[in-house]
Amino acid sequence: MGTKRTDEFRADAVRIALASGLTRKQVASDLGVGLSTLNKWVTAHRDTEVVPDKDLDLARENERLRRENCILKEERDILN
């Protein structure tokens, strides 16, 4: 049977998953929970104020920049 996590732990896990810039897989591994469990928690907390809008905006911008950086690195490697 799985370990029972507190509501505070779940809320912190969701906050980290949404605002840290890490992948959910990385966050789940770091926290010692399954990826599917973390995804369920994120879905359940999506409509709550777990992460302030300002932090979500920063996390979205960070993720966009990470994707753009990855593309630029690939393009650079192709040209070399």
Side-chain angles (χ1 to χ4, degrees):
M1 186 162 171
T3 304
K4 180 73 172 158
R5 307 291 184 170
T6 64
D7 290 340
E8 182 180 4
F9 180 87
R10 291 177 187 174
D12 287 342
V14 170
R15 189 176 304 109
I16 293 167
L18 294 176
S20 70
L22 299 172
T23 65
R24 287 190 190 174
K25 185 176 182 179
Q26 290 172 315
V27 172
S29 175
D30 290 348
L31 296 175
V33 298
L35 179 59
S36 62
T37 300
L38 180 61
N39 285 332
K40 278 195 266 185
W41 294 348
V42 169
T43 300
H45 287 87
R46 191 167 301 252
D47 296 330
T48 64
E49 289 284 329
V50 173
V51 179
D53 288 338
K54 177 183 148 195
D55 290 344
L56 278 177
D57 290 341
L58 289 173
R60 287 184 190 115
E61 177 68 5
N62 190 25
E63 182 59 31
R64 184 190 68 75
L65 291 170
R66 285 178 191 271
R67 284 192 307 267
E68 183 178 326
N69 192 34
C70 183
I71 291 168
L72 290 171
K73 284 180 180 179
E74 289 175 358
E75 289 175 349
R76 179 200 64 203
D77 291 344
I78 289 171
L79 292 175
N80 285 331

Hey, does the side chain of S29 reach the backbone of K25 with a donor-acceptor pair shorter than 3.5 angstrom?
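No; judged by distance alone, with no hydrogens or angles, the pair does not exist.
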
Using 0.5 Å steps for rounding, measure from the [atom1] atom of [X] to the [atom2] atom of [Y].
X	Y	atom1	atom2	result
I78	E75	CD1	CD	7.0 Å
E68	R66	CD	CZ	13.0 Å
E61	R64	CD	CZ	4.0 Å
T6	D12	OG1	CG	7.5 Å

Check the pair D7, R10 against side-chain contact (heavy atoms from CB on, under 4.5 Å), reporting the backbone distance first and the verdict last.
CA-CA 5 Å; D7 290 340; R10 291 177 187 174; 4.0 Å; yes

Between L18 and R24, what is the shortest heavy-atom contact and its length?
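Closest approach of L18 to R24, heavy atoms only: CD2-NH2, 4.1 Å.
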
Which atom pair, heavy atoms only, marks the closest approach of V27 to A17?
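Smallest heavy-atom distance, with atoms named: CG2-CA, 4.0 Å.
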
Is there a path of hydrophobic side-chain contacts, each under 4.5 Å between heavy atoms, that joins V42 and L35?
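No: no chain of side-chain contacts under 4.5 Å links V42 to L35.
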
Using the rule that two of Ile, Leu, Val, Met, Phe, Trp, Tyr join whenever any of their side-chain heavy atoms come within less than 4.5 Å, decide whether L22 and L31 are in one cluster.
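Cluster IDs for L22 and L31 match.
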
